[in-house]
Amino acid sequence: MAATVPRLRFAPSPTGYLHVGGARTALFNWLYAKKFGGQFLLRIEDTDKARSTDESTRAIFEGLTWLGLHWDEDVVYQGANVERNRDDAYRMLANDTAYRCFCTQAELAERRAAAEARGESFRYDRRCDRLDRAEIDRRVADGVPFTLRFRVPEGSTSWDDLVHGEIAFPNKDIEDFIILRTDGTPIYNMAVVSDDIFMRITLVMRGDDHISNTPKQILLYRALGAELPTFAHLPMIHGLDGKKLSKRHGATAVGDYQHLGILPGAMLNFLALLGWSPGHDIEVMTLARMVELFDTEGLQKKAAIFDPKKLEWMNGQHLSLMPAAELATIVTPALEAAGLATAADLAARRDWYLALLELLKVRARTTDDIVRQAAPYLADAITYDAEAEAKQWKDRPGTAKLLGEVRRALASLGAWEPAAMEEALRSLAERMGFGDKAGKIFQPLRVALTGLGVSPGIFDVLVMLGRDRALGRIDSAVRRLAGPAV
RNA sequence: GGCGGUAUCGUCUAGGGGACUAGGACACGGCCCUCUCAAGGCUGGAACACGGGUUCGAAUCCCGUUACCGCUACCA
């Protein structure tokens with residue numbers, strides 16, 4: 001038979017922000033679709049009106065868009081499908097795979113409580129399935145409210161899960177579950193199956209918290225005479241304490257990481273490695289590379305713990321690899337937001353700006369780090385780090401004198417370029433009796449130039465600052481050194 | 001409780017009967033590089049949950065135990 005085009009969907013419920021676990025599920029679905037030339041669809045499961053919000057729906061769109069996980073076709077809103085879902089449920093009533101249940105919620109709750117009190121587990125006893133035809137007709141005619149229950153057949157239900165292999169459930173452990181509420185709206189499993197059939201989904205890839213829903217859904221597919229999709233159940237993501245990831249663990253929404261200065265590519269890379277291994281000790285990958293390497297064989301069965309430290313490292317790797325021009329599109333808005341520069345200003349001296357990013361990205365782990373580190377090169381005034389000042393400017397009169405010498409040496413330079421600076425400063429160190437310990441000069445100078453104890457190489461700093469500003473910073477430092485120690 | 005799932009360094013993982021004195025990465029320590037910090041290189045400590053089998057041989061296969069997770073709603 002002809003190879004069918006895979007169709008997958010990511011089906012989040014809009015009850016919060018896009019969670020990292022959801023993002024990873026979306027990623028694997030997306031990767032599979034791309035890898036095998038299929039489609040990646042998005043379905044918003046908004047049938048729980050009480051908990052669903054438009055804001056959450058927007059957050060899901062924004063999260064996926066930020067990550068670059070674009071979906072095919074129009075977004076499907078589950079809530080818009082209740083009529084078709086109901087029709088499907090009634091088809092099951094018609095073909096006798098489902099039946100009307102007149103038990104009320106209160107009665108059910110009571111029986112459940114009674115069973116629990118006896119230490120037994122409650123299972124619906126099918127009493128309404130034993131009602132005779134006339135009684136059913138009478139109640140329906142009287143307008144007695146009813147739900148539709150699926151009649152679970154004998155036997156056992158199993159499937160070959162793409163990540164777990166064979167999984168089987170004895171049907172006797174599945175009760176006759178409700179598929180349609182009294183008000184005619186579908187219950188989750190009904191809606192999912194009805195929609196997945198309608199959307200022609202061929203591979204259902206979702207969190208493994210759905211494993212026990214799967215046999216019920218398979219039974220529904222059969223009752224509806226539909227072809228079964230393949231199932232793949234992905235492990236969960238836990239927090240550092242091994243518990244299910246929640247608000248207590250800090251940032252859990254992908255949007256949080258965006259605001260923390262994490263790159264979407266790094267986020268995706270990190271998430272991919274949480275539950276999937278490309279093998280061959282490969283760690284850092286672009287999205288395109290992930291598509292090439294993706295394979296369900298590498299999918300993990302075990303829940304993974306979200307380690308923010310590794311995410312940061314991963315982000316640093318992606319930062320180093322990213323071309324400055326590309327990085328600029330992310331950093332520029334952040335610089336503007338921080339009030340350090342305007343896009344127009346940066347565009348006017350683009351080469352200089354890109355060179356600066358090139359220098360900063362290596363020692364940054366987040367784009368926020370870059371913004372912080374860029375301040376001395378963009379702002380007119382600098383703030384002095386107390387620790388750096390205390391350490392490098394211990395002998396204030398001596399440092400003032402030293403910086404004066406440095407200024408003279410630098411000011412006399414014919415060309416403002418690194419080789420000349422290095423030669424001048426190293427020979428100055430020699431003359432001042434520091435021998436080859438030119439760091440004795442570089443360190444105090446670094447503080448004078450940037451206000452910080454750490455920065456890119458001192459000659460790079462000098463070049464980025466430019467002659468006038470660099471000399472001006474030294475002058476300011478000398479003035480500051482004349483004052484009292486802080 | 002019932003049912004289902006899972007189990008390799010602290011964490012993410014490689015491993016799919018002999019190549020394992022168990023490999024890589026994050027984190028941690030040391031060294032190198034060096035004007036600081038990163039990056040990079042080298043290096044150290046650190047794991048097959050436990051018990052039975054199967055086999056000439058088990059991290060790898062089977063069973064049990066334990067632990068953890070999920071489901072067990074007219075939630076999704």
Side-chain angles (χ1 to χ4, degrees), chain A residues 11-15 45-48 50-52 78 101 103-105 108-109 112 116 119-123 145-149 161 164 167-170 172-175 177-183 185-189 191-192 207-216 233 235-236 238 240 242-244 270 273-284 297-298 300-307 309-314 316-317 320 360-365 369 373 388 391-392 422 425-426 429 437-443 445-447 450 452-459 461:
Chain A
S13 24
T15 53
E45 309 217 319
D46 55 354
T47 51
D48 186 349
R51 291 194 298 159
S52 300
Q78 190 162 61
C101 173
C103 299
T104 66
Q105 248 176 110
L108 258 10
R112 197 184 323 274
E116 269 165 32
E120 294 166 14
S121 59
F122 177 74
R123 185 123 301 165
F146 58 86
T147 59
L148 251 35
R149 272 188 197 270
D161 195 277
H164 293 274
I167 300 180
F169 283 79
K172 65 171 175 53
D173 292 326
I174 306 171
E175 74 172 347
F177 54 97
I178 292 173
I179 54 178
L180 201 68
R181 296 188 183 88
T182 313
D183 66 3
T185 58
I187 233 57
Y188 176 72
N189 285 311
V192 167
D208 66 14
D209 47 340
H210 286 289
I211 287 182
S212 28
N213 279 324
T214 306
K216 297 180 184 173
H233 289 94
M236 307 268 85
H238 290 168
L240 245 17
K243 297 272 179 7
K244 191 171 170 179
F270 172 71
L273 257 25
L274 237 47
W276 174 65
S277 167
H280 309 291
D281 298 333
I282 296 171
E283 300 265 348
V284 181
E297 286 298 302
Q300 198 72 17
K301 297 188 185 73
K302 187 183 66 165
I305 290 175
F306 190 95
D307 180 4
K309 278 285 197 355
K310 186 154 184 177
L311 205 212
E312 276 189 22
W313 167 79
M314 183 64 81
Q317 295 293 311
S320 298
L360 302 182
K361 71 177 193 179
V362 198
R363 62 207 84 222
R365 289 212 146 183
D369 285 343
Q373 293 171 10
K391 185 174 178 194
Q392 304 302 343
E422 178 150 19
L425 260 28
R426 284 198 190 275
K437 296 274 189 289
K440 298 272 192 201
I441 286 182
F442 298 161
Q443 280 304 88
L445 176 58
R446 188 186 314 281
V447 178
T450 65
L452 305 171
V454 306
S455 80
I458 201 74
F459 309 113
V461 173

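Letters go in sequence order (proteins before strands), and every chain restarts at 1. All values below were derived from every heavy atom in this structure, side-chain atoms included, with hydrogens, water molecules and symmetry-related copies excluded.
Nucleotides B/C28 and B/G64 have their P atoms positioned 42 Å apart, rounded to a whole Å. Comparing B/C74 with B/G52, their C1' atoms sit 48 Å apart, to the nearest whole Å. With C1' as the reference atom, B/A14 and B/C68 are 23 Å apart, rounded to whole Å. Separation of the P atoms belonging to B/U21 and B/A59 is 10 Å when rounded to the nearest angstrom. Between B/G45 and B/C26, the two C1' atoms lie 15 Å apart (nearest whole Å). B/U8 and B/C50: their C1' atoms are spaced 15 Å apart (whole Å). Annotation: B/C9 and B/G24 have their C1' atoms spaced 12 Å apart (nearest Å). Comparing B/A19 with B/C61, their P atoms sit 16 Å apart, to the nearest whole Å.
Using a 4.0 Å heavy-atom distance criterion, A/T182 is classed as a base contact. Residue A/D183 is out of contact with every strand shown, counting any heavy-atom pair closer than 4.0 Å. Using a 4.0 Å heavy-atom cutoff across all strands shown, A/A168 reaches sugar-phosphate atoms only and no base atom. Nucleic acid contact for A/I458: base, since at least one base atom lies under 4.0 Å from a heavy atom of the residue. No engagement by A/G279 is indicated, since no non-hydrogen atom pair under 4.0 Å with the nucleic acid exists. Using a 4.0 Å heavy-atom distance criterion, A/A438 is classed as making no nucleic acid contact. A/G275 comes within 4.0 angstrom of the backbone, heavy atoms only, and of no base. The residue A/P456 sits close to a base: some heavy atom pair falls under 4.0 Å.
Judged by the 6.0 Å distance and 45° axis criteria, A/K216 is positioned over the aromatic ring of A/F177.
The nearest whole Å value for the distance from the CH2 atom in A/W313 to the P atom in B/A39 is 11 Å. Taking atom CD on A/E297 and atom P on B/G16, their separation rounds to 13 Å, with Å as the unit.
Residue A/H280 places none of its side-chain N or O atoms closer than 4.0 Å to OP1 or OP2 of B/A14. Contact annotation: A/R365 reaches the phosphate of B/A39 (side-chain N/O to OP1 or OP2, under 4.0 Å). Contact between the side-chain N/O atoms of A/R123 and the OP1/OP2 oxygens of B/U72 is not found at any separation under 4.0 Å. Residue A/Q392 has no polar side-chain atom (N or O) positioned under 4.0 Å from OP1 or OP2 of B/C37. OP1 and OP2 of B/A39 both lie 4.0 Å or more from every side-chain N or O belonging to A/S320. One finds a side-chain N or O of A/K302 lying less than 4.0 angstrom from the OP1 or OP2 phosphate oxygen of B/U8.
Under 3.5 Å, the side chain of A/S212 and the base of B/C3 form no donor-acceptor pair of N or O atoms. Donor-acceptor pairing under 3.5 Å, judged by distance alone, is present between the side chain of A/E283 and the base of B/G24.
Between A/T450 and A/V461, the closest side-chain pair of non-hydrogen atoms falls below 4.5 Å.
Ring planes of A/Y188 and A/H210: parallel class, angle under 30° (limits at 30 and 60°).
Using N1 to N3 plus N6-O4 or O6-N4 for Watson-Crick, or N1-O2 and O6-N3 for G-U wobble, each under 3.5 Å, B/A27 pairs with nothing.
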